[in-house]
Structure formats: structure tokens, C-alpha cells
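Everything below concerns the one structure shown next.
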2 protein chains.
Amino acid sequence: MKKYMDILKRTKLFSGISDENIKAMLGCLSATHKDFKKGEYIFRQGEYIDTICVLLSGSVHIQSDDYWGNRSIISEVCAGEMFGESYAVHGSTAVLNDAVATTDSVVAFFNLNKLMTVCSSACAFHSAVIQNLLIALTHKNRNLMQKLIHISKRTTREKLISYLSNQAKINSSNSFSIPFNRQQLADFLSVDRSAMSNELSKMRNEGLLTFDKNNFTLL
Amino acid sequence: MKKYMDILKRTKLFSGISDENIKAMLGCLSATHKDFKKGEYIFRQGEYIDTICVLLSGSVHIQSDDYWGNRSIISEVCAGEMFGESYAVHGSTAVLNDAVATTDSVVAFFNLNKLMTVCSSACAFHSAVIQNLLIALTHKNRNLMQKLIHISKRTTREKLISYLSNQAKINSSNSFSIPFNRQQLADFLSVDRSAMSNELSKMRNEGLLTFDKNNFTLL
DNA sequence: ATATTTCTGTTGTATTTACAACAAAAAGAG
DNA sequence: CTCTTTTTGTTGTAAATACAACAGAAATAT
């Protein structure tokens, strides 16, 4: 695990915590890690998990496939980001979605039970980690809310505008690249890929935007 | 605020904390409360808030209206539940949605900054509240995820089935009532009300379910 | 009790979407 | 480089949805 200290110290979970203390906590957290090949599942809908996951390298999609094979991509996880934390606290429910590696990945697993059950006043950085987790959860919440706003739009065009203008805002630029190919973007916005491609072309013809592969410019 | 102790002690935020300690904390939290008439806004999209909100009585909808007047209801808040907590922690962003009273309501406001900035090991119940907040946030997250799953469905019928069967699961019964009228349910599922009414009628004719006002039975 | 307002279901039409099929372009494998 | 696979854009058609208008039922106000 020590070879991943660089990435760990840059995570939201360990923000503001010294290398030394991070190392100390890896024991408290029963830290383990595991490699996943592209396409492998870290967890699946219906399972119960008791560890939070931190992506050390690679890329992971949180998604959910329904009975008819329609895929819905909830979010993309990048190296250094956390996932599964909403299910890993005691007394939780079955996981509602899949986590799948979209490239070869390494995932760390941390068990928070000790942090939560043992009096956390014991050491200051236990409280710090819990506070970090709290703040990370509020970020997750706001991201989910933002995605809800995108896919609550009634038409494909409105969904695209909602998503793309939000991306422009995040990147503080009218030109940006997105982490999805066309099929993935369609799965993210819950629309049909070909219809979406068609709508993008129309919007380009109308002079609303230009794009080349994953690079978009709003006009 | 003391007249609301009964409801406060039953909130997730103060779960497991004695009456005495709750009273003590109301000071730390700079607790205030305010009455809202039906239709009044507790906060609006774009505002910045620094207090979490706890509904002491009444009913609140978290929702978001777009430029064209389409409403999207994110969630219903019942007495004893919390809202706004994802925006009330330090360094947050503008609120993404409105909170509006759907009946005359009383809302308590708590400022968490002291809890978060002053070393929380100072008193054990500070840590307890933060842990409660953490758990509440994971619940919120799972609820948002569940709603995402509902509205990611491609057709009105699938959305209805997804939502109604989840309600049946939550109530552990095929018969249950929902907290929305038809327009509100349509706004919650991001579909047109009349089209949804139509679909409900079709489903009833096909023997999938029966309903009377807000009471549904899945068959 | 009566009048007014809100809620719900129904219908028809125009718009939008999903779906399928296909060709060109791009990416990847051997 | 050549062949294969994947990705993307395009088109036509069937299906689903939004929208508007309206009538009856239910709730609320006077």
C-alpha cells in the first residue's frame, strides 16, 4: 500500500492528514487493495459491502443495468476518488448499482467500522477523517442532484444543453472534453445514442456548438 | 425551541443523544426557528446557506423549476427530517434547488460551523452528531440514487413501475399511499401529468394495479 | 347549500424519441 | 500495412410523449 501514498495523500478522505498519520490509520482501516482488469466488477447491485473504495489508479463507472439491458451510468470515478461510501456504513442496505472498471484499475478498500464505533475522540485524526468523509458525501450529494437536474429535462436537446453547459461551468471554459464516448454519454443522460448523435448534429448545424470526438465548444 | 424537543429527539441528527445534551447543543448550533406559510420558500436556487434545516412540523418539497416552467420535484421532506445539509458545510456552492413549504410549516436552523471547526473531541456528543449527520447523508445519497434509477427509465410506464414497486417494498405491502397528487407525481417522475394519468388508466385496465386517489395496490 | 377552485381522467394531434439498419471513419490487432 | 472491430453519424419508421383542450369529480370557500 505504501507505493500508493502519493495518491492517498491527495484524496479527499485523507485531506489535511500527515503521511505519518495516514500510514498509522491504514491499520485502523484494515486497508487492503486489489487489481481489476478492464470490464471487471468491483461490486454489483444487490451485494452488501462494508468497506469504502478508493480508486488508486484507472477508471471506474458507477452504473446500473435494468432487466431489458438498458444501461444507466450514474457517474465516472477517477483516480483518487472514493466510491461505495454510501453503502459501507453500518446498517446499510444492498448496493443499488454496479461498479465496473473501464480500464485496468487498482482499488483500495477501507473498513470504517472501527473509526465509527470506537470513541473517535481517541485520536484527533479519526475525527478528521470522519469530517473529510462528511464533506465528501456532501459533494457526492450535490453531484447526484446536478445529474438529477440534467436528466429531469424533458427533451434530448435540453438534457445535452444542461449537461454541456454545466461542464463548461466546471471547466471555466467554453471548450472542454468530456469523459464519455457517445454511447456512454447517452447512457449517462438516459437517451438513445443515435437520437442523441442526431440531435448533436442538428445543434452543430444551428451553430450552437462544435465538437470533435470528446472535445466540445459551446458558441 | 423547547416545545419542539419531542420532535428533535426523534430526528436522525440527534439520535442517541440525551434530552439534556440536545438542549446543551442548541446553543452550540446557534439554533433558531421560523414559521413558513404554505407556498413560502425556505431557500431558493442560487442562494448560499450556512445552516442545516430540520422540519419541525408541516411538509416541504425540494424542487427545481427550469427556465420554461417545468418543475422537477426532488424529494418530499416530512416532519423530523433534515434538508439543505449538503450545502451548509463550509466551502459549499450555491444551492441547486428550491425548498418550498407545501403546508404551513416550522423549520429549525442549525449552524454546524462550530461543531466542525472547534476540535470535536471537546465533547463526545459533538462527535455523535457528526456521525449522525454522516449516516443521514448516506441515506440521502441512497435515496437520490434510487430516484435516479426511477427517472432513468425510458418510458412513463417503466418509471411508474419502478417508483410504485419501490414504494411497495418500502411499505412492505402491495397496498400503500403516496405523498404526491397526480401533478406532483408527474413532476417527481419528470413526465407529463395527463400522459401519466393515461398510462395509469391503461395499467389499471390491464389488471396491473388499482388506485383510488393517493392509494395504490399492485396486483 | 351553493359557488368556486382544484384535481383527475380522457381524447386528438403534433412533436419527439426509440429502434433498427447501415455506411463511413477511426481505432486496434495481427 | 492489412484486416477486424469499434465508434459515430445518418435515415426512415413505429412507438411514445408532450401539449392543449375539456368535462366530470372532488375539495374548498362563501
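Residue numbering restarts at 1 for every chain, and letters A, B, ... go by the order of the sequence lines. In this text, all values refer to a predicted model and were calculated from it rather than measured experimentally.
Side-chain atoms of B:R182 lie closest to C:dG9 of the nucleotides D:dG9, C:dT17, C:dG9.
Applying the side chain to side chain contact (heavy atoms under 4.5 Å, CB included) test to B:V100 and every residue at least two apart in sequence or in another chain returns B:Y41, B:H61, B:Q63. Remark: B:K3 pairs with no residue by the side chain to side chain contact (heavy atoms under 4.5 Å, CB included) rule, at least two apart or across chains. Judged as a side chain to side chain contact (heavy atoms under 4.5 Å, CB included), and not counting sequence neighbours, the contacts of B:N215 are B:S177. With sequence neighbours excluded, the residues forming a salt bridge (charged side-chain N to carboxylate O under 4.0 Å, His left out) with A:R157 are A:E199, A:E206, listed by chain and number. Checked against salt bridge (charged side-chain N to carboxylate O under 4.0 Å, His left out), A:D19 has the following partners two or more places apart in sequence or in another chain: A:K9. By the side chain to side chain contact (heavy atoms under 4.5 Å, CB included) test, B:A88 is found to be paired with B:I52, residues two or more places apart in sequence or in another chain being considered.
The pair A:R71-A:D65 meets the salt-bridge criterion, with a side-chain N (NZ, NE, NH1 or NH2) lying under 4.0 Å from an Asp/Glu carboxylate O. By the 4.0 Å N-to-carboxylate-O rule, B:K140 lies close enough to B:E85 to be salt-bridged with it.
At distances below 3.5 Å, not a single donor-acceptor pair connects side-chain atoms of A:S172 with backbone N or O atoms of A:A168. Panel note: side chain B:N70, backbone B:D66; no donor-acceptor pair is recorded below 3.5 Å.
Counting only residues at least two apart or in different chains, salt bridge (Lys or Arg N to Asp or Glu O under 4.0 Å) contacts with residues 42-55 of chain B are absent.
Between D:dT17 and B:T156, a contact under 4.0 Å exists linking OP1 or OP2 to a side-chain N or O.
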Taking only nitrogen or oxygen atoms into account, show me every contact under 3.5 Å that the protein makes with nucleotides 4-6 of chain C, one pair per line with its distance.
none

Grab the N/O contacts between the protein and nucleotides 20-22 of chain D below 3.5 Å, and write none if there aren't any.
residue	atom	partner	partner atom	Å
D:dA20	N6	B:S194	OG	3.3

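Aromatic ring centres of A:F110 and A:F14 lie closer together than 6.0 Å. Ring centers of A:F176 and A:F211: at least 6.0 Å apart, outside the cut-off. In summary, the aromatic rings of B:H33 and B:F109 are positioned with their centroids too far apart to meet the 6.0 Å limit.
Ring pair B:F43/B:Y87 is perpendicular by interplanar angle, where above 60° counts as perpendicular and below 30° as parallel.
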(message) Walk along nucleotides 25-30 of chain C from 5' to 3' and tag each nucleotide B, S or - by protein heavy-atom contact under 4.0 Å, base first, then sugar-phosphate.
(response) --S---

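A heavy atom lying under 4.0 Å from DNA chain C marks the following residues of residues 196-204 of chain B, by number: B:S197, B:N198, B:S201.
Remark on the helix from C:dA1-D:dT30 to C:dG30-D:dC1: inter-end axis angle 60°, axes from five-pair C1' superpositions, rounded to 10°.
Closest-nucleotide positions on DNA chain D for A:Q183 and A:R154 were compared, and the one nearer the 5' end corresponds to A:Q183.
Spacing between atom CD of A:Q184 and atom P of D:dT6 amounts to 14 Å, rounded to whole angstrom units.
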